[in-house]
Each structure stands twice: as C-alpha cells, then as structure tokens.
Amino acid sequence: AAVALYQKQEFSQAQPILARLLAQYPNDFELNELMGLVYAGENNQNRASAYLAKAVQIKPESAEARMYFAANLVGLHQNARAENEFKKAVEIEPASYESNHNLGEFYIGEGKLAAAIPYLSEAQQIMPSSLNNGYDLALAQIKVGQFAEAKTNLQHLLTLQDSADLHSLLGTADEHTGQFVQAATEYQTAAHMDPSESNLFAWGSELLLHHTLELAIQVFDRGVQIYPRSARMQVGYGIALYSRGHYQDAIDAFCHAIDINPKDPRPYAFLGKIYDVSPLQAAAVTDRFARYAALQPRNGQALYYYAMSLWKASREENQTVDLTKVRKLLESAVTLEPSFAEAHLQLGILYAGERQWQQAAAQYRQAIRTQPGLADAHYRLAEAMVRTGERAAAQNEFQTFNRLHQEQVKDEAKQRSEITQFVYTSGAPAQNAQSETH
C-alpha cells in the first residue's frame, strides 16, 4: 500500500503506514529506502537523509541505494560525500547504465567535464539508444575540444532521432573542425526544423563568420521579426548590414539592441565604430551613449563613446560642441582605464587641436606604451614632436608609422576578429564552450 501511494506521489499518506512498519521492523532495507524516497519526494532532504543512509548501511552492496543516497547528498550540498557514493555505485555495478550515467551527470553538474566523459561514454556503450546521455556526452566533448568524437556520437544519435538540437550541436562540431559548409547546413537544418531564437542566431552567426552576408542578412532579418526583443539578434543583424554597406540600417539595429538591453556593452562597441557614417542619426546615437555613460559612470568605455559621439557631432553644419565636456569625459576615461590606448590617442588629438603639444605627446606616448602597434599614435606623436622641435625623434616615429602601416592587418581581417568575438561571447555556434580559444 505504501509503495502504491509513493508511486501516485501521495507522500503524506504513505508516511504513517511506513512509520508503523518501521516501528516493528526498524532494520528493514526496503522500508528505510522507501521512507527516504517519500521524504525526498516532498523535498525534505534532511529527513530523507537518515533513512537513505541507513538503507545503505543495511545493504551496502546495493548500487541503487547508494545512488539514491548520493542524490540526496547533492540536494544537501554535500557533494564530496555524494561523489564517493556515486563512485561506489559504479564499483558495485560497473556494467550498469544508471551507475555510469549518474556519475557522469554528477560531474557535469560540478563543471568537471573531462571527468564526466569516461562515464557518459561507458553509459552510451551500454545503452547506445540513450539520446539524453548521448547529447550530454557530445556537448561535453565539444566543450573540452573532442570535436571528432562528438561528431561520431552525434551522427549515430541522428540515426535514432532526427532532431533540431542534434543538428545544431553537429553544426558546432563541424565549425570547430573547419567544415564550414557542413556547419552552415546543419545550422540551417536545425533552424528549419525549429526556428527558435538560438537556432536562427546560430545559423546567422555561422554565415556571418564566413562572410556569406546576403544570406546572413536574410536569416537575421527573419530572426528580428520573430524575436524583436532579442538583443543579440539585433546586434548580429547590425553587423551583417554594416558588413554589406547598409550603414543606416545597421545603426538602427544597434540602437534597437541598446534599447532592449542598455547594460550590454557589445552593441555600443560596434555602434562606436560606425555611427559617424550616417550623420542623419547622430542625435539618436548620442542619446544612447549619454544613457550608457549615465548608467555606468565608472566605465571608461562608456565615457569614451559618449565623448566621441559629442565630438563627432560637431561635423554637422550649425552644430556646436562643448569641447570642455569632451575633454573631461576623455580624461575620466583614461583615469578609469589607464590601458585604454584609443582613449589616450583621442585625448592627445584633442590636446593637439588646442595646440597643447606637450600634453598631446604625453597621451600619444601612453597610447603607444599600452598598444605599440597603434600606427596612428606614432604618426601623431611625430607631428607633435615636430611642433616641439624634436625633429630627429620625430623622424624615428614617422619611420615606425610607415612600417606599421605596411604591416597593418587588413580591415576585413580586423572586422572578422570583432565579429568572431561577438559570436563566441553570445552563445553561438560555440554554445558557450568553456575550454575553447578562438
């Protein structure tokens, strides 16, 4: 009767029956185990623990009892003891799917992916038809860089069930093994099967990474229509539009992303690089940067972008700019982030515009110290040196500029690096992998 009540999840009715039986048979294994499971069903892990521990004491050779007790210990945040019980269950029944799977999942929960893989692999060998175990195994393999093994596993799972999740994960494995066409195909299949926000973003991101821009624009356009409140979708859309030369639409997309999540620094970073190409939107852009600076007054990047938006607005006809305010913002930015080379460079340019050559040169030197390959800083420093009579040293800086200018990475490659960083910090296609570097 108590078992029937437990199976119907009528835990409170099962308890008095089991209590009467335990009063007569306190050392019965089944009674202690079931009472522990009843309390666990009510999420009363403290009461459950005593009964489950006693069940293990009565029958230490029961792998199932040790797994129940281990799960209880996890609920009590006693993970070291739980790990020990899970391991003992595997020692007792090394050929058990449940024992291996549960220990693998425990390590997944602990973030110990490399430790989880052997047990999940063993469980998959024991039960090749297990989709959940196989998916978790493939995800762990991808996160530790075992891409070929993950692909083999996923290809087998797809013979059992054709699902969007499996295609998306296989696309991630393909991306990391350099099979970009196959990756795009897998992401496309996943997005067609399940046009979720994550699947559409993964497909669009893969196209963006490999510069298939027209199709990327179409995918992200669909994404922002279906998921208009997705900030990362708006940023991806903006990058695709900008890369194709649609600057005003790109700025609109970045502004939408900022309005959705004003605290996310990524859309500001992209907007800060491109918004001056469209003077018609200068006021709207400056408003976003002003809000960013107000939200994060101790963020040097926020102050820098606001300063630059105010300064660039002066290019408009009949537009005045408060250079004192710009200077104070830039000075605060470099104080908050002394290694912010671009902010030092721009502050130097502002000083140079005011003919404060010594101060300008000091800022250029600081920019060069933090970023020696910043060619423009060398050129501007050379100009300042000419103004202060240091002509020989200026020639050295001009020569350095010429060398760096010739060696400078092409804009397209730099842009690709920025796109890659955005994609991999937004959850696709790497799916927030913990161990990869890209």
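Each residue takes its place number in the sequence, starting with 1.
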Take Gln218 and Glu214 through the test side-chain hydrogen bond (donor to acceptor under 3.5 Å, both in side chains) and record every step on the way to the result.
-> CA-CA 6 Å; Gln218 294 175 28; Glu214 288 294 346; 5.2 Å; no

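- Looking only at distances, no side-chain donor or acceptor of Ser99 sits under 3.5 Å from a matching main-chain atom of Ser96.
- Looking only at distances, a side-chain donor or acceptor of Ser230 sits under 3.5 Å from a matching main-chain atom of Met233.
- Residues Ser129 and Leu160 approach most closely at CA-CD1, 3.6 Å, considering heavy atoms.
- In this structure, Glu83 pairs ionically with Lys87, as a charged nitrogen and a carboxylate oxygen lie closer than 4.0 Å.
- Within the model, atoms NZ of Lys328 and OG1 of Thr335 stand 13.0 Å from one another, a figure rounded to the nearest 0.5 Å.
- Listed here is the closest heavy atom pair of Ile368 and Glu397: CD1-OE1, 4.1 Å.
- Side-chain atoms of Tyr268 come within 3.5 Å of backbone atoms of Pro262 as a donor-acceptor pair (strictly under, hydrogens ignored).
- Shown here are the side-chain hydrogen bond (donor to acceptor under 3.5 Å, both in side chains) partners of Glu110, two or more places apart in sequence or in another chain: Asn79.
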Glu42 and Gln15: side-chain hydrogen bond (donor to acceptor under 3.5 Å, both in side chains), yes or no, with the steps?
-> CA-CA 11 Å; Glu42 292 183 325; Gln15 284 174 13; 2.5 Å; yes

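- Looking at Asn72, its side chain does come within 3.5 Å of a backbone N or O of Gln45 through a donor-acceptor pair.
- Asp221 and Gln225 are linked by a side-chain donor-acceptor pair at a separation below 3.5 angstrom, with hydrogens and angles left out of the test.
- Here the side chains of Leu310 and Asp322 are not in contact, with every heavy-atom distance at 4.5 Å or above.
- Minimum interatomic distance between Ile142 and Ala150 (heavy atoms only, all atoms of both residues): CG1-CB, 3.6 Å.
- Interatomic distance, Asp174 CG to Phe180 CZ, rounded to the nearest 0.5 Å: 10.5 Å.
- With sequence neighbours excluded, the residues forming a salt bridge (Lys or Arg N to Asp or Glu O under 4.0 Å) with Glu197 are Arg232, listed by chain and number.
- Using a 4.0 Å cut-off between a side-chain N of Lys or Arg and a carboxylate O of Asp or Glu, Asp259 and Arg291 qualify as a salt bridge.
- Although no hydrogens or angles enter the test, the distance criterion places no donor-acceptor pair under 3.5 Å between the side chain of Asp194 and the main chain of Ala164.
- Ser130 places no side-chain N or O within donor-acceptor distance of the main-chain N or O of Met127, the cut-off being under 3.5 Å.
- The minimum heavy-atom distance linking Ala269 with Tyr305 is given by the pair CA-OH, 3.2 Å.
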Take Tyr187 and Thr172 through the test side-chain hydrogen bond (donor to acceptor under 3.5 Å, both in side chains) and record every step on the way to the result.
-> CA-CA 8 Å; Tyr187 288 131; Thr172 301; 3.0 Å; yes

Given side chain to side chain contact (heavy atoms under 4.5 Å, CB included), test Met67 with Glu85 step by step and report yes or no.
-> CA-CA 7 Å; Met67 285 187 284; Glu85 294 298 329; over 6 Å; no

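- In this structure, the side chain of Glu337 engages the main chain of Gln301 through a donor-acceptor pair within 3.5 Å.
- Judged purely by atom type and a 3.5 angstrom limit, Asn153 uses its side chain to pair as donor or acceptor with the backbone of Gly134.
- At distances below 3.5 Å, at least one donor-acceptor pair connects side-chain atoms of Gln124 with backbone N or O atoms of Pro128.
- For the atom pair OH (Tyr351) and CG (Leu330), the distance works out to 8.5 Å, reported to the nearest 0.5 Å.
- Under the 30°/60° scheme for interplanar angles, the aromatic rings of Phe270 and Phe254 are found to lie parallel.
- Note: Tyr39 and Tyr51 have parallel aromatic rings, judged against thresholds of 30 and 60 degrees for the angle between ring planes.
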Full working for side chain to side chain contact (heavy atoms under 4.5 Å, CB included) between Phe69 and Arg81 = CA-CA 10 Å; Phe69 185 36; Arg81 292 180 65 196; 3.5 Å; yes

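- Note: His167 and Trp203 fail the aromatic proximity criterion, with ring centroids not under 6.0 Å apart.
- Centroid-to-centroid, the aromatic rings of Tyr379 and Phe398 come within less than 6.0 Å.
- Side-chain contact check for Gln146 and Glu149: no donor-acceptor pair (N or O, by modelled atom type) lies under 3.5 Å.
- Using modelled atom types, no side-chain atom of Ser168 and backbone atom of Asp165 make a donor-acceptor pair closer than 3.5 Å.
- The pair Glu354-Arg327 meets the salt-bridge criterion, since a charged nitrogen lies less than 4.0 angstrom from a carboxylate oxygen.
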Step by step, would you call Ile258 with Tyr292 a side chain to side chain contact (heavy atoms under 4.5 Å, CB included)?
-> CA-CA 9 Å; Ile258 289 168; Tyr292 188 31; over 6 Å; no

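- Annotation: the span from Phe220 atom CZ to Leu241 atom CG amounts to 10.0 Å, rounded to 0.5 Å.
- Residues Asn100 and Leu120 form no side-chain contact, since every pair of their non-hydrogen atoms from C-beta on lies 4.5 Å or further apart.
- Here the straight-line distance linking atom CG of Asn396 with atom CD of Glu390 works out to 11.0 Å at 0.5 Å rounding.
- Within the 4.5 Å cutoff, no side-chain heavy atoms of Asn299 are placed close to those of Leu336.
- Under 3.5 Å, the side chains of Asn199 and Ser196 contain a donor-acceptor pair of N or O atoms.
- Remark: the Gln346 side chain and the Glu342 side chain contain an N/O donor-acceptor pair separated by less than 3.5 Å.
- The two residues Gly272 and Lys312 make their nearest non-hydrogen contact at O-NZ, 4.1 Å.
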Can you check side-chain hydrogen bond (donor to acceptor under 3.5 Å, both in side chains) on Gln406 and Asn402, steps first, answer last?
-> CA-CA 6 Å; Gln406 291 172 4; Asn402 288 329; over 6 Å; no

Passes side chain to side chain contact (heavy atoms under 4.5 Å, CB included), Gln234 versus Arg229? Steps please.
-> CA-CA 8 Å; Gln234 292 284 357; Arg229 299 297 300 169; over 6 Å; no

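- Shortest non-hydrogen contact noted between Arg222 and Pro195 is NH2-CB, 3.7 Å.
- Of the residues listed (Asp376, Ile349, Leu374), the one engaging Tyr364 in a side-chain contact (heavy atoms from CB on, under 4.5 Å) is Ile349, and it is the only one.
- With rounding to the nearest 0.5 angstrom, the CZ atom of Phe147 is 13.0 Å from the CG atom of Leu170.
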